[in-house]
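For reference, positions follow the sequence shown, starting with 1.
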Amino acid sequence: MRTRQPTKPRKSPISARLSAPIVAEVATAPEPVGPETLAEIFSRLSAANPEPRAELEFQNPFTLLVAVVLSAQATDRSVNLATAPLFAIADTPEAMLALGEERVRDFIRTIGLFNTKAKNVIALSRILVEQHGGAVPRRREDLEVLPGVGTKTASVVRNVAFGEETIAVDTHIFRVSNRIPLVVAATTDKVQAGLEALVPAPYRLNAHHWLILFGRYVCKARKPACYQCPIADLCRFPAKTPAP
């Protein structure tokens, strides 16, 4: 009887040693621009639009506050369409309270999250009447305790209504700041703090408007119009979009 020779164990293809290591290519974010380049960027944005304006329509600090609260997860155009008839009959906290939550909800039904937003508009109107004599407070701390008001909304109101040099950071400004980059940070609050510390004083008041309009119409999320960009030569974003 023939003795069966033991077979050599086969090497598993999974455990086999690679002939060469696999190295993932990871893009390194460029360093933020320096002070001179930062000043030049805002100089060009200022020259292109010397008197920038908010695209939300409002009549006074109260209607501005309401419009910004309603603009969360909604376009400025959709908010303007809804608030034009609303503000025609309720442009003060007292008038908004008299209107009531149900009627406010009917006016803003075309805006996302309208149920929650109607509750917030009535609730913040009540606080303004009961605690601030019907006036919109200027202090950030007083604004941020109002229903529906966060850091961004408070910063917009302080900047537009009261001329404070705040730079409210929304999704557009967050993208632009990290892309150029002006300030590289993982949160909107950190981007805001960085911009407010670094933007030269002559440009700080309008920086919010310039950056949001730039992000909305030129430095767009999916396909930035780099070929039309007034600061393309200063921007360090590597994957620039070629002209069509």
Side-chain angles (χ1 to χ4, degrees), residues 52-88 90-91 93 96 99-128 136-137 140 142-161 166-179 183 185-196 207-225:
R53 292 286 180 269
E55 293 190 320
L56 284 173
E57 296 172 0
F58 63 96
Q59 289 80 44
N60 53 43
F62 173 69
T63 53
L64 171 65
L65 172 62
V66 172
V68 181
V69 167
L70 296 179
S71 71
Q73 300 183 44
T75 65
D76 287 358
R77 182 177 181 276
S78 68
V79 173
N80 291 338
L81 289 172
T83 56
L86 173 62
F87 293 159
D91 62 353
M96 197 68 74
L99 198 60
E101 183 180 322
E102 185 175 347
R103 290 201 64 196
V104 170
R105 186 166 56 245
D106 289 339
F107 277 103
I108 67 171
R109 192 172 293 276
T110 55
I111 302 174
L113 306 175
F114 64 89
N115 283 314
T116 299
K117 291 177 180 179
K119 291 183 191 302
N120 288 339
V121 167
I122 292 300
L124 70 84
S125 297
R126 181 170 289 108
I127 292 173
L128 293 180
V136 174
R140 177 179 60 83
D142 294 330
L143 287 166
E144 289 187 1
V145 298
L146 297 174
V149 177
T151 302
K152 188 197 81 170
T153 298
S155 296
V156 171
V157 172
R158 294 180 68 225
N159 177 265
V160 177
T166 58
I167 303 176
V169 176
D170 70 344
T171 182
H172 299 294
I173 297 178
F174 183 77
R175 177 180 67 255
V176 167
S177 179
N178 279 281
R179 180 182 276 172
V183 173
T187 67
T188 55
D189 287 352
K190 289 181 179 179
V191 169
Q192 176 169 344
L195 289 173
E196 289 177 355
H208 163 77
H209 296 301
W210 285 320
L211 291 176
I212 195 171
L213 294 172
F214 180 67
R216 187 172 288 168
Y217 298 113
V218 180
C219 197
K220 295 173 283 189
R222 294 188 179 179
K223 197 173 181 181

Exercise for the section: Assess whether side-chain contact (heavy atoms from CB on, under 4.5 Å) is satisfied between V136 and N60, documenting all intermediate values. Expected result: CA-CA 10 Å; V136 174; N60 53 43; over 6 Å; no
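- Residues V183 and K190 have side chains not in contact (no heavy-atom distance under 4.5 Å, counting atoms from C-beta outward).
- The two residues N120 and G148 have their closest heavy-atom pair at ND2-CA, 3.7 Å.
- A salt bridge is absent between D106 and R103; no separation between the charged side-chain nitrogens and carboxylate oxygens falls under 4.0 Å.
- R158 contributes atom CZ, which lies 13.0 Å from atom NE2 of H208 (distance to the nearest 0.5 angstrom).
- Counting heavy atoms from C-beta on, the side chains of L211 and L195 come closer than 4.5 Å.
- Partners of D76 under the salt bridge (Lys or Arg N to Asp or Glu O under 4.0 Å) rule, at least two apart in sequence or in another chain, are R216.
- The CD atom of E144 lies 4.0 Å from the OG1 atom of T151; values are rounded to the nearest 0.5 Å.
- Note that the CD1 atom of I122 and the CG atom of L99 stand 6.5 Å from one another [nearest 0.5 Å].
- To the nearest 0.5 Å, atoms CG (L81) and CD1 (I108) are separated by 13.5 Å.
- Checked by atom type and distance alone, the side chain of T63 pairs as donor or acceptor with a backbone atom of Q59 at under 3.5 Å.
- Annotation: side chain of K152 is not in contact with side chain of T188 (no heavy-atom distance under 4.5 Å).
- Scanning both residues, H209 and P52, for their nearest heavy atoms gives CB-CB, 3.5 Å.
- Around CZ of R109, the count of heavy atoms belonging to other residues, nucleotides or ligands within 6.0 Å exceeds 12.
- When all heavy atoms are compared, the tightest approach of V176 to C219 is CG2-CB, 3.9 Å.
- Residues F87 and E57 have side chains not in contact (no heavy-atom distance under 4.5 Å, counting atoms from C-beta outward).
- Using a distance-only test at 3.5 Å, with no hydrogens or angles considered, a donor-acceptor pair links the side chain of N178 to the main chain of A185.
- Residues P224 and A221 come closest through the heavy atom pair CD-O, 4.3 Å.
- Here CZ of R179 is found 12.0 Å from CZ of F174. Values are rounded to the nearest 0.5 Å.
- Residues L128 and P137 come closest through the heavy atom pair CD2-CD, 3.6 Å.
- The side-chain heavy atoms of I127 and P147, taken from C-beta on, include a pair separated by under 4.5 Å.
- With hydrogens and angles disregarded, no donor-acceptor distance shorter than 3.5 Å links the side chain of K117 to the backbone of V69.
- Between the N80 side chain and the E55 main chain, a donor and an acceptor come within less than 3.5 Å of each other.
- Atom OG of S155 sits about 11.5 Å away from atom CG of D170, to the nearest 0.5 Å.
- Using a 4.5 Å cut-off on side-chain heavy atoms (C-beta onward), V160 and P61 make no contact.
- Inter-residue side-chain proximity for N159 and I167 is flagged as unmet; no heavy-atom pair is nearer than 4.5 Å.
- Here the closest heavy-atom approach between residue L64 and residue V156 is recorded as CD2-O, 4.4 Å.
- Remark: side-chain polar atoms of R140 are not paired, donor with acceptor, to backbone N or O of A154 under 3.5 angstrom.
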